[in-house]
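Working notes for the structure below.
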Amino acid sequence: MNNSRSTTNKQILTFLNENDYANAAKFLLQIQINEWDKLDDGYKNLSSLKTKSFWFDSYKIKIQFNAERIYSTSAKVDVDSIKNRSCFLCEKNLPEEQKGIKLLEDYLLLCNPYPVFPEHFTIVTENHKPQEISSSFNDFIMLSKLLSDKYTVIYNGPQCGASAPDHLHFQAGTKYFMPIENDFHSIKNEFGDTVLNNEKLIITAADDGLRRVISLESNDEKILLKAFNNIYDNYSELNSNNGEPMMNFICNFDEEYGWRVIIFLRSKHRPSHYYLEGENRIMLSPAAIDLGGVCITPVEKDFDKIDKKIIKEMFDEVSLNKDIFVHMTTALKKIFSRKLL
Ligand SMILES: [Zn+2]
């Protein structure tokens with residue numbers, strides 16, 4: 001690793017020595033805002049954003065108008081576009097001012113200069129390798145645990161929201177900023193279908209009318225990994241396109257209850273509204289944060305126009321087909337009734 005990217009700030013090193021990764025990250029953000037103008041601009045922009053909220057039966061969806069997110073929302077992620085650009089997550093291409101904190105064996109936590117969360121980080125691997133959850137799920141949950149005092153960690157699949165599908169990365173943001181983190185219990189009570197419930201693992205399938213999710217709750221990382229692998233294999237069989245089946249993840253960790261992983265199952269990358277012409281177009285490209293209940297649009301007229309009906313149409317369209325979801329839930333119940341996890 002090019003160690004020059006790791007911060008040498010003494011206060012941060014002290015936090016790291018105490019395994020206090022959340023405070024190390026928080027402090028990194030504070031010092032990077034002071035020494036990196038672009039980041040400072042990003043947070044100034046964040047403090048003046050327009051937002052609005054919609055209440056559905058048992059959950060809330062917020063809309064954030066954030067013009068700075070235009071590059072991320074409209075990122076070209078097809079194979080040719082990716083091949084013909086230099087990777088903005090590789091260390092050699094990071095802005096000179098950008099410093100990070102090393103996490104686990106080969107990850108670097110960086111401040112995201114286009115924040116959506118009140119505190120927003122990108123966690124990248126040192127090596128340029130593809131965005132892929134099957135080989136990195138364990139890292140994903142361990143990173144969630146390390147940062148859990150203050151942050152939630154998310155993952156976007158290479159074909160449904162990652163703006164760098166060629167470079168493995170996660171994001172971390174302020175805990176409980178996404179409404180689904182608070183609404184999860186009411187969604188589970190109202191719409192949850194229990195796939196498995198034993199003393200070590202709870203798996204729930206839920207279709208709340210907007211989203212099709214599978215959640216995993218456990219305080220045993222090995223059991224969590226096994227359960228994820230089973231779900232991944234089953235979902236892959238339903239998947240007709242090449243590569244990773246479309247999923248977005250939100251992960252929390254709590255000392256008492258352990259992990260809670262919410263997996264959004266997808267049918268497509270962007271809703272038809274995104275591809276409409278002229279006035280009818282709505283620039284919203286849903287990924288984990290949007291599905292978690294903070295929809296980002298970089299266009300003001302779209303922000304003004306979006307209502308409950310449009311949210312429902314868009315979410316419904318990008319989420320896994322309802323019938324396939326029911327079929328998958330039934331299959332998972334069978335699989336998990338046989339497995340000893
Ligand atoms: Zn890269």
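Atoms within a ligand are numbered from 1 in the order they appear, just like the ligands themselves.
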Discussion item. Between Lys175 and Asp254, is the salt bridge (Lys or Arg N to Asp or Glu O under 4.0 Å) condition met? List the steps.
Written reply: CA-CA 11 Å; Lys175 216 173 179 178; Asp254 176 277; 5.4 Å; no
Practice prompt. Would you sort out whether Glu126 and Arg5 count as a salt bridge (Lys or Arg N to Asp or Glu O under 4.0 Å), showing the intermediate values?
Written response: CA-CA 10 Å; Glu126 287 166 23; Arg5 282 294 167 185; over 6 Å; no
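For the pair Lys312 and Phe54, the NZ or CZ position fails the cation-pi test of under 6.0 Å to the six-membered ring centre and within 45 degrees of the ring normal. A cation-pi arrangement, defined by a distance under 6.0 Å to the six-membered ring centre and an angle within 45 degrees of its axis, is present between Arg281 and Tyr274.
Counting all heavy atoms, side chain and backbone alike, Leu16 lies closest to Tyr21 at CD2-CD2, 3.6 Å.
Each protein N/O/S atom under 2.8 Å from the Zn ion (ligand 1) was counted, for a total of 4.
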Can you list, pair by pair, the side-chain donor-acceptor contacts under 3.5 Å of residues 282-289, counting residues two or more places apart and other chains?
from	atom 1	to	atom 2	distance (Å)
Ser285	OG	Arg270	NE	2.8

